[in-house]
Amino acid sequence: MNVLIIGSGGREHALALKIKQSPNLYNLYIMPGNPGTSYIGENVNINPSSQNNVLNFCAEKEIDLVVIGPEQPLVEGLADVLRENKFNVFGPNKAAAQIEASKAFAKEIMEEADVPTADFIEFSAKNYNLAKGYVKEKKYPCVIKADGLAAGKGVFVCNSPDEAEEALKTILLEKTFGESGEKLLVEEFLKGEEASVFAICDGESFVCLPSSQDHKRIGDNDTGKNTGGMGAYAPAPVVTPKMFEEIKNRIFAPTLKTLKKNNKPFIGCLYAGLMITNDGPKVIEFNCRFGDPETQVVLSVIEGDFLRLLYTAAIGDLDKKLVKYNGGASVCVVAASMGYPGSYKKGFEITGLDELPFDIIVYHAGTKKEDEKILTNGGRVLGVTSTIPKYDLTIAKEKAYKAMKKINFENIYYRRDIADRALNY
Ligand code: AMP
Ligand code: GLY
């Protein structure tokens with residue numbers, strides 16, 4: 001198969017590496033890719049938002065499968081355009097991608113499907129005063145979320161009416177998130193342990209990959225601002241086999257059935273961000289794509305023909321037996337630029353990448369190559385990922401941090417406690 005992956009982050013680097021292992025692969029292209037993916041396939045310098053250019057490329061290279069990594073092109077309808085032109089796509093159409101693009105839509109689907117999630121109430125900009133009155137009476141903490149896409153920044157966990165009013169202002173009055181903040185949800189705060197589960201879906205049936213846990217806050221012990229993700233590990237011990245069954249039966253099965261019933265069948269990776277509470281699993285959010293950096297660890301602990309799995313999903317004939325958990329453990333620690341998620345400097349040379357053992361893979365996220373040197377070029381720069389063949393997160397963690405010590409660039413910052421929540425669980 002000739003395969004095109006859309007995207008340029010650590011997630012796409014991990015997808016490329018896993019797809020590369022398939023005996024069914026012929027040519028692999030990554031659009032636009034990053035310096036890491038340039039060693040695995042051919043990077044293609046086309047902006048995925050230029051849908052006509054993507055189409056022309058697919059025709060020219062006789063692409064058999066397009067795997068769309070990020071949410072933006074999905075929400076823009078890239079999968080729709082490709083499908084209309086008879087290409088096989090792993091990634092949902094625009095209508096089904098609304099499950100991530102609109103939190104209000106996701107709640108409607110969950111309500112109809114009777115899927116456990118936090119109680120909520122919705123307000124629009126014209127109801128600002130009503131919203132203000134409502135948060136004065138609310139129990140705290142509560143969570144306020146912009147309806148639309150906000151790169152992980154549209155969620156506010158509020159501990160007092162003052163904090164809540166601040167969040168309402170930011171979203172509805174100052175319109176910090178633009179159109180994404182036309183509406184918002186005020187949500188019940190869920191207590192428990194978070195986990196991410198990915199389901200590979202063909203529009204009707206699905207198969208789950210091993211669970212994982214992201215670390216969203218910038219600081220150790222989950223302090224400070226929310227980020228795109230500072231590290232992850234897989235599998236997550238909080239998702240016991242029994243819990244996994246509950247997640248499949250109470251969350252994925254009814255959600256996918258309801259999407260199909262509403263004429264929005266979901267083909268691609270449905271990502272459930274979950275809170276494992278005393279009352280069982282509840283949905284915090286759905287995403288319409290693989291998570292980053294969870295993909296880096298989840299794909300490290302599966303074996304089988306991943307490319308063929310995605311292909312069978314894309315053609316609506318999912319073969320659930322193509323991949324399985326390999327019994328191992330994986331830990332990914334993100335090396336970021338000091339200052340992220342606020343402002344930071346870039347353009348620093350990264351050293352130490354050639355000195356790492358075989359069980360470490362460094363996924364590129366915000367890097368660029370210049371004169372054979374790899375330079376920092378973003379907030380999240382690298383994902384240093386260890387994988388070991390047995391389920392021992394203590395060893396996997398040690399290996400990831402040992403490797404991290406060898407890597408250096410000016411202003412490097414990383415969390416020191418990735419996987420500790422599992423080790424203390
Ligand atoms: P989201 O972008 O919706 O995943 O939210 C980002 C983070 O905010 C989540 O990973 C949680 O840590 C936290 N969060 C969001 N919603 C809730 C909720 N209802 N209860 C508790 N924490 C939440
Ligand atoms: N790891 C969080 C996300 O991909 O949205």
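All ligand and atom numbering here is 1-based and tracks the order in the structure. Residue numbers run from 1 in the order of the sequence given.
Each of D392, D420, D417 was scored for a side chain to side chain donor-acceptor pair (under 3.5 Å) with K397, with one residue passing: D420.
The number of heavy atoms from other shown groups lying within 6.0 Å of CD (E303) is above 12. More than 12 non-hydrogen atoms from other residues, nucleotides or ligands lie less than 6.0 angstrom from CG of N424.
Every N/O-N/O distance between E285 and ligand 2 stays at or above 3.5 Å. Where the criterion is an N or O separation shorter than 3.5 Å, residue side chain and backbone included, E285 meets it with respect to ligand 1. The shortest N or O to N or O distance between D292 and ligand 2 is under 3.5 Å. The shortest N/O to N/O separation between E294 and ligand 2 falls below 3.5 Å. The distance criterion of under 3.5 Å between nitrogen or oxygen atoms is not met by V143 with respect to ligand 1.
Using a 4.0 Å cut-off between heavy atoms, V155 contacts ligand 1 through its side chain alone, with no backbone atom that close.
Under the 30°/60° scheme for interplanar angles, the aromatic rings of F252 and F206 are found to be tilted. The aromatic rings of Y134 and F123 sit tilted, their planes meeting at an angle between 30° and 60°. Note on ring orientation: taking the six-membered ring where Trp is involved, the planes of Y325 and Y391 are perpendicular (angle over 60°, cut-offs 30° and 60°).
Contact annotation: G229 has no heavy atom less than 4.0 Å from any atom of ligand 2. R217 does not count as a contact of ligand 1, since none of its heavy atoms falls under 4.0 Å from the ligand. Distances from ligand 2 to the non-hydrogen atoms of Y271 include at least one value under 4.0 Å.
Taking the ring centroids of Y344 and Y413, they lie at or beyond the 6.0 Å cut-off.
Near K103, with a cut-off below 4.0 Å to any heavy atom, the atoms of ligand 1 are 3 (O). Atoms of ligand 2 found under 4.0 Å from any heavy atom of D214 (numbered from 1 in listed order, with element): 1 (N), 2 (C). Of all atoms in ligand 1, numbered sequentially from 1 with element shown, those under 4.0 Å from a heavy atom of F189 are 20 (N), 21 (C), 22 (N). Close contacts of ligand 2 with N287, meaning ligand atoms under 4.0 Å from a residue heavy atom, involve 5 (O). Every atom of ligand 1 with a heavy atom of E187 under 4.0 Å away is listed here by number and element: 16 (N), 18 (C), 19 (N). Listed by number with element, the atoms of ligand 1 under 4.0 Å from a non-hydrogen atom of E188 are 18 (C), 19 (N), 20 (N). Here is the list of ligand 2 atoms found below 4.0 Å of a heavy atom in G291: 4 (O). Below 4.0 Å from some heavy atom of K145 lie the following atoms of ligand 1, by number and element: 3 (O), 15 (C), 16 (N).
At least one cation-pi condition fails for R83 and F87: the charged atom is not both under 6.0 angstrom from the six-membered ring centre and inside a 45 degree cone around its axis. At least one test fails for K264 against the ring of F266: distance under 6.0 Å to the centre or angle within 45° of the axis.
The protein heavy-atom contact nearest to atom 20 (N) of ligand 1 is L190 N, 2.8 Å. Of the protein's heavy atoms, I284 CG2, 4.1 Å lies nearest to atom 14 (N) of ligand 1. Protein heavy atom nearest atom 3 (C) of ligand 2, with residue, atom name and distance: R289 NH1, 3.5 Å.
Between V297 and S330 the shortest heavy-atom distance is CG1-OG, 3.4 Å.
The backbone N or O of N377 sits nowhere less than 3.5 Å from a side-chain atom of K368 that would complete a donor-acceptor pair.
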*Could you walk me through whether F290 and L209 pass side chain to side chain contact (heavy atoms under 4.5 Å, CB included), step by step?*
CA-CA 11 Å; F290 289 101; L209 301 183; 4.2 Å; yes

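At a threshold of 4.0 Å, the pair E245-K242 does not count as salt-bridged, since none of the basic side-chain nitrogens sits closer than that to a carboxylate oxygen.
Across E194, K191, K216, heavy-atom proximity to atom 12 (O) of ligand 1 is greatest for E194.
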